Asks: 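Got a structure for you, questions after.
Both backbone and side-chain heavy atoms feed into the values below; hydrogens, waters and symmetry mates do not. No experiment lies behind these values; they were computed from the predicted model shown.
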Amino acid sequence: MTEGMEQWDLTSKVSPYLDRHMMFPLLEYMDGLINAGTVSYNTQDVAAARLSLLRPTHMVDYAIDIYKDLHGADSEVPKEMEDQKTTIYQRLEELEKGCKALHELCGKEDEKSKLISSGKWNVAGLTSMTEYNVTAEVVEVFREHAKFKFDCGDYQAARDMLTNYISLFAKAPASKGHSEDDELLGYTGKQQQKEEKEDSGNPTIYYLTSVNSNLLEVLWGKLACEILVEDWEAASVAVDAVKAAMESMVSSNQMSPLKALSQRTWLLHWSLFVYWNNSAKGGLEQLVDLFHTERYKQAITTNAPHLLRYLTAAVLLCKRRITKKAAAGSTAEARRLMKNLINVMQDCVYTDPIVEFVNCLCVKFDFEMAQTKLQECEKVLASDFFLCRQTGLFMEEARVFVFENYCRIHNKIDLSALGKKLAMNQEEAERWIVDLIRNADLDAKIDSEEGCVVMGGHVQSVYEQVMERTRDLNVRSATLAQNLNNVLNEARKEKVKKARAALEAEE
């Protein structure tokens, strides 16, 4: 076992902000770490925690299996578990009967298509037609049935039901040439015609015309389903839907700022599943954008400073990708990302080897300590549920980051000394640097005779300097104008008060 690895385990800090169903993959991963000797937790304790999580759910068969793992395969199952199982099946039958009419209608694709085309696929339209036997109560039971299915662990069925439920409150623009699911869930929002825009819902929120607390819960449920069935692209859409719905409720005073702060903290944690599992398709860039948004940055610094680990790792992993995508390979955007990250680090009371590694390089310029922390990073990454798949890539990007920073303050670098900074031996370091230069990632060349790397000079272009300095000019100007306007308004109010006081004094 690695000494002190438990102190870097974030399971206990992340779990309060996750749905209990999302905890099962984390506990399974923890079992793997215990078996590998990476952490010294007790397997029995993890099984007990899993059983405790299962009890409030309807996954009784799973709970019975865990109980037998804890107490032996021949142990007698408690009567309360058997009674709970009977009650759950009875309730499931009741819910199925209660929403049978709507459930059957959802399965009739041709009939549903006609209702969508005629504009009757909504609660008001269906309840006005007696032939379908769909009432407002049936629609509510349908939602309860979806939640019940979710608690039973049938996430696919729950997702399909919630998709249909959401569509009953949505108003997608009439369009041709794309599938019914696209119309229902708003995946073709970019094709929306201008003349239809005012007559449809918000495309970011599956074309819902309005949002309330009940619909927000449904959106959370859909996001949970997408995560648990591991449909990461659909889950990314669901994250955006929840985010937009929350901001809509905040702007309409349906949600207090304090509750919004709490909900944003939950969304940040749920998004870890989505973005880290969708990293190859821009997930990390989306994570960085979300975490750097002012309101979500406030949630990190206030409620969840431990999320700084994931922001730091994401910035390091996508920094070079962003530079390659930029015009003429400009590094301005990458520098801005690092600058924003340093600002967040200074506001967060949290540290671990990953965070300390960046702090040593960018703030302290302590390359010796950075080398030590880089070696610790590999162990922390391998034991983290979200980051474990990125361990090799992170170490590669981290070494490039060390090299870049070391090269900024040196014109000539001894290969053997550099190898030590990169936590590599001299032979590995030489081969790695040669590959890096050949791939045209760095303006450098190797002097074989002297055994050193000679750096080329990089001067920031005038264009880059102008863009970097004026990036936030519009925002700063708008803020300045708003502040000036506030000052003028206060001055006018004060002037009116004095005038009224003077008139009252004269009278």
Asks: Donor-acceptor check, side chain of Ser52 to backbone of Ala48, threshold 3.5 angstrom: yes or no?
Replies: no

Asks: Inspect the contact between Asp384 and Lys379 and indicate whether a charged nitrogen and a carboxylate oxygen are less than 4.0 angstrom apart.
Replies: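 Salt bridge absent between Lys379 and Asp384.
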
Asks: Counting only N and O atoms by type, is there a donor-acceptor contact under 3.5 Å from the side chain of Ser236 to the main-chain atoms of Glu233?
Replies: no

Asks: Compute whether any side-chain donor of one residue and acceptor of the other, for Trp220 and Gln263, lie under 3.5 angstrom apart.
Replies: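 Short answer, yes.
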
Asks: Evaluate the side-chain proximity of Leu290 to Lys243: yes if any heavy-atom separation is below 4.5 Å, no if none is.
Replies: yes

Asks: Under a 4.5 Å cut-off applied to non-hydrogen side-chain atoms, are Phe365 and Cys360 in contact?
Replies: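 Heavy-atom side-chain distance check fails, nothing below 4.5 Å.
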
Asks: For the CG atom of Asn277 and the CZ atom of Arg389, what is their distance to the nearest 0.5 Å?
Replies: 5.0 Å

Asks: Rounded to the nearest 0.5 Å, what's the gap from CG on Leu374 to CD on Glu356? Could you check?
Replies: 12.5 Å

Asks: I want to check something: taking the side chain as every heavy atom from C-beta on, are Phe291 and Lys297 in contact at a cut-off of under 4.5 Å?
Replies: no

Asks: I want to check something: taking the side chain as every heavy atom from C-beta on, are Phe401 and Leu361 in contact at a cut-off of under 4.5 Å?
Replies: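 Yes - at least one pair of side-chain heavy atoms lies under 4.5 Å apart.
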
Asks: Centre-to-centre under 6.0 Å for His21 and Phe150, is that the case here?
Replies: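 That pair passes the under 6.0 Å test.
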
Asks: Taking the six-membered ring for Trp, are Trp266 and Tyr17 parallel (under 30°), tilted (30 to 60°) or perpendicular (over 60°)?
Replies: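 Geometry flag for Tyr17 against Trp266: perpendicular rings.
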
Asks: For the atom pair CG (Leu337) and CD1 (Ile342), what is the distance rounded to the nearest 0.5 Å?
Replies: 11.5 Å

Asks: Please check: side-chain N/O of Thr57 versus main-chain N/O of Met59, any donor-acceptor pairing under 3.5 Å?
Replies: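 Yes, Thr57 side chain to Met59 backbone: donor-acceptor pair under 3.5 Å.
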
Asks: Roughly how far, to the nearest 0.5 Å, is the CD atom of Gln346 from the OG1 atom of Thr301?
Replies: 13.0 Å

Asks: Taking everything shown except Leu258 itself, do over 12 heavy atoms lie less than 6.0 Å from its CG?
Replies: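 No, because the 6.0 Å sphere around CG of Leu258 holds 12 heavy atoms or fewer from other groups.
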
Asks: Under the 3.5 angstrom rule, does the side chain of Asn35 hit a backbone N or O of Asp31 as a donor-acceptor pair?
Replies: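 Indeed, once roles are kept as given, a pair shorter than 3.5 Å links the two residues.
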
Asks: Should the pair His306 and His269 be assigned to parallel (<30°), tilted (30 to 60°) or perpendicular (>60°) ring geometry?
Replies: tilted

Asks: Hey, mind stepping through Asn340 and Arg336 against side chain to side chain contact (heavy atoms under 4.5 Å, CB included) and telling me if it holds?
Replies: CA-CA 6 Å; Asn340 289 342; Arg336 186 183 69 84; 3.2 Å; yes

Asks: Got a second to check how far Trp121's CH2 is from Lys112's NZ, nearest 0.5 Å?
Replies: 5.5 Å

Asks: Side-chain contact test, heavy atoms from C-beta onward, threshold under 4.5 Å: evaluate it for Arg309 versus Val380 and give yes or no.
Replies: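 In short, these two side chains touch, coming nearer than 4.5 Å.
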
Asks: Does Leu95 offer a backbone N or O that forms a donor-acceptor pair with the side chain of Glu144 under 3.5 Å?
Replies: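 No.
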
Asks: Are Gln254 and Ser213 linked by a side-chain donor-acceptor pair shorter than 3.5 Å?
Replies: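 No, because no side-chain N or O of Gln254 sits under 3.5 Å from a partner of the opposite role on Ser213.
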
Asks: Decide side chain to side chain contact (heavy atoms under 4.5 Å, CB included) for Ser248 and Asn202; before the verdict, give the C-alpha distance in whole Å, the side-chain angles of both, and the deciding distance to 0.1 Å.
Replies: CA-CA 10 Å; Ser248 174; Asn202 187 338; over 6 Å; no

Asks: Does Arg264 come within less than 4.0 Å of Glu247, counting only side-chain N to carboxylate O?
Replies: yes

Asks: Flag the pair Ile88 / Phe148 as yes when at least one side-chain heavy-atom distance between them is below 4.5 Å, and no otherwise.
Replies: yes

Asks: Ile166 and Tyr207: side chain to side chain contact (heavy atoms under 4.5 Å, CB included), yes or no, with the steps?
Replies: CA-CA 9 Å; Ile166 291 170; Tyr207 285 109; over 6 Å; no

Asks: Start with the C-alpha distance between Val134 and Phe142, add both sets of side-chain angles, then the distance that settles side chain to side chain contact (heavy atoms under 4.5 Å, CB included), and finish with yes or no.
Replies: CA-CA 10 Å; Val134 176; Phe142 188 80; over 6 Å; no

Asks: Say whether, by atom type as modelled, one donor and one acceptor occur between the side chain of Asp45 and the main chain of Tyr41 under 3.5 angstrom.
Replies: no

Asks: In this structure, is the centre-to-centre distance between the rings of Tyr62 and Phe24 below 6.0 Å?
Replies: yes

Asks: Run the salt-bridge test on Glu397 and Lys319 with the 4.0 Å N-O cut-off and return the result as yes or no.
Replies: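 Result for this pair is no, no salt bridge flagged.
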
Asks: Give a yes or no answer on whether the side chain of Asn489 reaches the backbone of Asn485 with a donor-acceptor pair at less than 3.5 Å.
Replies: yes

Asks: What is the distance from atom CG of Leu308 to atom CG of Asp352, rounded to the nearest 0.5 Å?
Replies: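 Nearest 0.5 Å value for the CG-CG distance: 7.5 Å.
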
Asks: Are Leu18 and Phe273 packed together at the side-chain level, in the sense that at least one heavy-atom pair is separated by less than 4.5 angstrom?
Replies: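 Heavy-atom side-chain distance check passes, below 4.5 Å.
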
Asks: Taking the ring centre of each residue, are Tyr310 and Tyr275 less than 6.0 Å apart?
Replies: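 They do not qualify: ring centres at least 6.0 Å apart.
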
Asks: May I ask you to check whether Glu378 and Thr391 show a side-chain donor-acceptor distance below 3.5 Å?
Replies: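 There is no such pair between these side chains.
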
Asks: Can you find a pair of side-chain heavy atoms, one from Gln390 and one from Leu381, that are under 4.5 Å apart?
Replies: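 Counting from C-beta outward, Gln390 and Leu381 never come under 4.5 Å.
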
Asks: Taking it one step at a time, do Arg159 and Asp231 satisfy salt bridge (Lys or Arg N to Asp or Glu O under 4.0 Å)?
Replies: CA-CA 11 Å; Arg159 176 179 75 162; Asp231 188 343; 3.1 Å; yes

Asks: If you look at every heavy atom in Leu27 and Ala49, which pair is closest and at what distance?
Replies: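 That closest heavy-atom pairing would be CD1-C, 4.4 Å.
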
Asks: Pair Lys222, Glu217 - check salt bridge (Lys or Arg N to Asp or Glu O under 4.0 Å), show working.
Replies: CA-CA 9 Å; Lys222 181 164 173 56; Glu217 286 182 9; over 6 Å; no

